[in-house]
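Note that the numbering runs from 1 along the sequence shown for the chain.
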Amino acid sequence: MKKIKRLIMTIFAVSFIIIGLNLFTEGIPLLGIPEIGKINRVIIEHKDYTDECKTYSDEENIELAVALLGYLRYSPLKGLSDDNQLIKITYIMDDGTEQVVAANNYTVWWNGKPSALHDENTFVKMCTAVFFADN
């Protein structure tokens, strides 16, 4: 019985270490990402393109806007650098509620809460390339 208990504790400890290292090296993903089927439309704003605010209600662009959230991983160990938001995506749900993500090269705001980005620059560059490439 002691061998089984020791084996279980070893497996638990190794699993805990692997998960911790993965979160440390890869960052922590955003939780509570909206479901594509429940989104009515998305509004995308970019500080460098102040003359246009893009609104999409088609499924393809809604899927792109949600897929981009997969690149937002935050690091709880990094400090916040500034509060200058470059990109803002508002997800308007079918029930009228809104979920908002904003980011600059170093910080992400998910529903108003700021966190330091793990992969700096990636989200802003991808959003700019996907939604503002025609400029």
Other residues, nucleotides and ligands only: do more than 12 of their heavy atoms fall within 6.0 Å of CG on L7?
yes

Closest non-hydrogen atoms of K47 and Q85, given as atom of the first, atom of the second and distance, are CD-O, 3.8 Å

Please confirm whether the ring centroid of H46 lies under 6.0 Å from the ring centroid of F132. yes

- Query: Do N104 and F123 touch side chain to side chain, with heavy atoms closer than 4.5 Å?
  - Reply: no

Value for CG (D48) from OG1 (T128), rounded to nearest 0.5 Å, stands at 7.0 Å

d(W110 CH2, I33 CD1) to nearest 0.5 Å is 6.5 Å

Considering only heavy atoms from C-beta outward, does the side chain of S75 approach that of I28 to under 4.5 Å?
-> no

Shortest non-hydrogen pair, V124 vs A103, comes out as CG2-O, 4.2 Å

May I have the list of side-chain donor-acceptor pairs in residues 59-71 shorter than 3.5 Å, sequence neighbours left out?
| residue | atom | partner | partner atom | Å |
| --- | --- | --- | --- | --- |
| N61 | ND2 | D58 | OD1 | 3.0 |
| N61 | ND2 | D58 | OD2 | 3.1 |

Grouping ILVMFWY residues whenever side-chain heavy atoms fall under 4.5 Å, the cluster of I92 otherwise contains I43

- Query: For the hydrophobic clusters of this structure (ILVMFWY residues joined by side-chain heavy atoms under 4.5 Å, transitively), does one cluster hold both L30 and V100?
  - Reply: no

message: Would you say that M93 contacts E98 through its side chain, given a criterion of any heavy-atom pair below 4.5 Å between the two side chains?
response: no

To the nearest 0.5 Å, atom CZ of R6 lies from atom CD1 of I8 at 12.5 Å

Note, I39 side chain near D94 side chain (heavy atom, < 4.5 Å): no

With a 4.5 Å cut-off on side-chain heavy-atom distances among I, L, V, M, F, W and Y, is there a chain of contacts connecting Y74 to I19? yes

**OP:** Go through L86 and N105 one step at a time and tell me if the side-chain contact (heavy atoms from CB on, under 4.5 Å) criterion holds.
**Re:** CA-CA 8 Å; L86 293 176; N105 291 323; 4.1 Å; yes

Heavy-atom closest pair (Q99 atom, G32 atom, distance to 0.1 Å) is NE2-O, 3.5 Å

Heavy-atom nearest pair, P114 first then G112, reads CD-O, 3.4 Å

Output for pair (E120 CD, K125 NZ), nearest 0.5 Å, gives 10.5 Å

- prompt: When clusters are formed by joining ILVMFWY residues with side-chain heavy atoms under 4.5 Å apart, either directly or through shared neighbours, do I44 and I36 land in the same one?
  reply: yes

Distance col, row T10:OG1 vs K3:NZ, nearest 0.5 angstrom, shows 13.0 Å

Rounding to 0.5 Å, atoms OH (Y106) and CG (N121) come to a distance of 5.5 Å

